[in-house]
Every structure is written in structure tokens, then in C-alpha cells.
Amino acid sequence: MKKLVFSFFALMACFVLASCGGNPTDTLKDLTKELKDADDMSWEDYHYSIPMKALEAQIEFYSSERTEDEEKDFNEAYNDYSKAYRKASDNVEKDKKKEKEELQEKLEKAQKEYFEKKKDSKK
């Protein structure tokens with residue numbers, strides 16, 4: 001449920017960002033904040049949604065002329081984003097590992113029940 005609620009808010013944030021069509025530097029700053037504030041981030045957001053937005057911001061930035069100050073601000077924002085992205089990796093991987101372990105436990109339980117039922121039916 002927590003992931004569902006977070007995903008909903010992330011989706012809403014995407015709509016807000018998309019409707020603004022703002023500065024690519026601000027987009028990277030927003031993505032950095034999203035990565036830092038997220039306690040529970042979905043694998044899809046981490047591996048697809050957020051990186052795609054970051055790539056689009058970079059394309060937008062490099063597609064037009066920029067001043068040295070804008071370039072400096074953008075590079076700082078990108079470095080902050082990169083650090084936050086790497087740090088968020090730990091949380092995402094822990095969640096995936098936990099999810100995998102839970103599924104493994106369910107599989108073992110289902111297998112045990114299956115073979116017990118099969119054994120009982122042969123008697």
C-alpha cells in the first residue's frame with residue numbers, strides 16, 4: 001500500500017513537472033529532492049522514470065545556448081542528482097532483496113504444502 005501511495009504521488013509530481021516545462025536545472029534539482037526524500041521507491045521509478053526525466057533535462061539543456069553561470073548551476077545540479085541516485089540505489093536494492101526473500105519463502109511454503117498433499121493423496 002505504501003508503494004502504491006508513493007507511486008501515486010510520484011506520478012502527480014511528474015504531471016506537475018511536465019506541465020511546468022521549466023528549466024532543466026530545476027528539473028534535476030527536483031529529481032534530486034525526490035530521490036533524497038523517497039523512503040520507499042519502486043524499481044520502475046528508480047530504473048526508468050527518474051533516469052528518463054534526467055536524460056530529457058540534459059537533452060533540453062544541451063539543445064540551446066547557455067551562459068557560463070547556467071552551465072555551472074546545471075553541472076552542480078547534475079552532480080547532486082548523480083550522488084542522490086547512487087545513494088537511492090541502496091534503498092531500492094534492499095527493497096528488491098526483501099521482496100525476493102518474501103517470494104522465496106512463499107514458494108518454499110507452497111512447495112511443502114503441494115508435496116504434502118501429493119503424499120497424502122497416494123496413501
Side-chain angles (χ1 to χ4, degrees):
M1 184 67 171
K2 191 176 182 182
K3 287 183 181 181
L4 180 65
V5 171
F6 177 78
S7 297
F8 175 75
F9 284 116
L11 182 61
M12 293 305 294
C14 294
F15 288 132
V16 169
L17 289 175
S19 66
C20 295
N23 183 342
T25 303
D26 292 338
T27 301
L28 285 179
K29 288 178 181 178
D30 291 341
L31 292 173
T32 301
K33 185 177 184 320
E34 186 176 336
L35 286 166
K36 288 180 179 178
D37 292 346
D39 291 333
D40 190 17
M41 181 177 293
S42 73
W43 187 89
E44 291 80 11
D45 285 340
Y46 177 76
H47 284 288
Y48 182 74
S49 178
I50 291 176
M52 291 300 288
K53 292 176 197 169
L55 288 172
E56 289 170 357
Q58 291 175 68
I59 291 168
E60 184 180 340
F61 180 82
Y62 293 117
S63 294
S64 60
E65 294 291 321
R66 303 292 177 167
T67 65
E68 285 186 29
D69 289 339
E70 289 174 324
E71 185 176 345
K72 181 182 174 194
D73 290 343
F74 181 81
N75 288 334
E76 287 176 10
Y78 184 77
N79 288 335
D80 291 343
Y81 162 79
S82 295
K83 289 176 189 173
Y85 187 80
R86 285 191 300 273
K87 188 173 181 182
S89 171
D90 295 338
N91 293 334
V92 171
E93 296 304 321
K94 284 178 190 175
D95 288 345
K96 265 300 178 201
K97 184 177 180 183
K98 183 179 177 183
E99 186 178 319
K100 184 178 178 183
E101 289 171 355
E102 289 172 357
L103 287 174
Q104 186 65 36
E105 288 174 12
K106 287 180 182 180
L107 171 63
E108 290 170 5
K109 182 180 176 184
Q111 285 176 333
K112 184 179 177 182
E113 290 174 2
Y114 172 80
F115 289 118
E116 285 177 2
K117 287 179 186 178
K118 191 173 182 179
K119 184 178 175 182
D120 290 340
S121 68
K122 286 184 180 182
K123 289 183 183 180

Asks: Would one find more than 12 heavy atoms of other residues, nucleotides or ligands at under 6.0 Å from atom CD of E68?
Replies: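 Not more than 12 within 6.0 Å, no.
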Asks: Taking side-chain hydrogen bond (donor to acceptor under 3.5 Å, both in side chains) as the definition, give me every residue that meets it alongside K33, ordered by chain and number, with sequence neighbours left out.
Replies: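 For K33 the side-chain hydrogen bond (donor to acceptor under 3.5 Å, both in side chains) partners, ignoring immediate neighbours, are D37.
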Asks: Mind listing the closest non-hydrogen atom pair of T27 and K53 along with its distance?
Replies: CG2-O, 4.4 Å
Asks: Should the pair F74 and Y62 be assigned to parallel (<30°), tilted (30 to 60°) or perpendicular (>60°) ring geometry?
Replies: perpendicular
Asks: Testing the basics here: between I50 and L35, what is the closest heavy-atom pair and its distance to 0.1 Å?
Replies: CD1-CD2, 3.8 Å
Asks: May I ask you to test the P24-R66 pair for a side-chain heavy-atom distance under 4.5 Å?
Replies: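 Yes; the side chains approach each other to less than 4.5 Å.
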Asks: Going from NZ on K109 to NZ on K106, what distance comes out if it is rounded to the nearest 0.5 angstrom?
Replies: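 Taking NZ in K109 and NZ in K106, the distance rounds to 9.5 Å.
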Asks: Name all residues meeting the side-chain hydrogen bond (donor to acceptor under 3.5 Å, both in side chains) criterion together with S63; count only those two or more places apart in sequence or in a different chain, and write none if there are none.
Replies: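 Listed in chain order: nothing, the list is empty.
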Asks: Can you name the nearest heavy-atom pair linking T25 to N23, along with the distance?
Replies: N-OD1, 2.9 Å
Asks: Which atom pairs, one a donor and one an acceptor, fall under 3.5 Å between side chains of residues 76-86 and the rest of the protein, sequence neighbours left out?
Replies:
from, atom 1, to, atom 2, distance (Å)
N79, ND2, N75, O, 3.3
S82, OG, Y78, O, 3.1
Y85, OH, Y46, O, 2.9

Asks: Check the pair Q104 / E108 against side chain to side chain contact (heavy atoms under 4.5 Å, CB included), numbers first and verdict last.
Replies: CA-CA 6 Å; Q104 186 65 36; E108 290 170 5; 3.5 Å; yes
Asks: Give the other cluster members for F115, using side-chain heavy-atom distances under 4.5 Å between Ile, Leu, Val, Met, Phe, Trp and Tyr residues; answer none if it is isolated.
Replies: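 Other cluster members: Y114.
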Asks: Each residue besides L55 in its hydrophobic cluster should be listed here, by chain and number; the cluster joins Ile, Leu, Val, Met, Phe, Trp and Tyr at side-chain heavy-atom distances under 4.5 Å.
Replies: Y48, M52
Asks: Taking side-chain contact (heavy atoms from CB on, under 4.5 Å) as the definition, give me every residue that meets it alongside E105, ordered by chain and number, with sequence neighbours left out.
Replies: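 If we apply the side-chain contact (heavy atoms from CB on, under 4.5 Å) test to E105, skipping adjacent residues, there are no hits.
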Asks: May I ask you to test the K29-D26 pair for a side-chain heavy-atom distance under 4.5 Å?
Replies: yes
Asks: Is there a side-chain contact between E116 and K112, using heavy atoms and a 4.5 Å cut-off?
Replies: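 Yes - at least one pair of side-chain heavy atoms lies under 4.5 Å apart.
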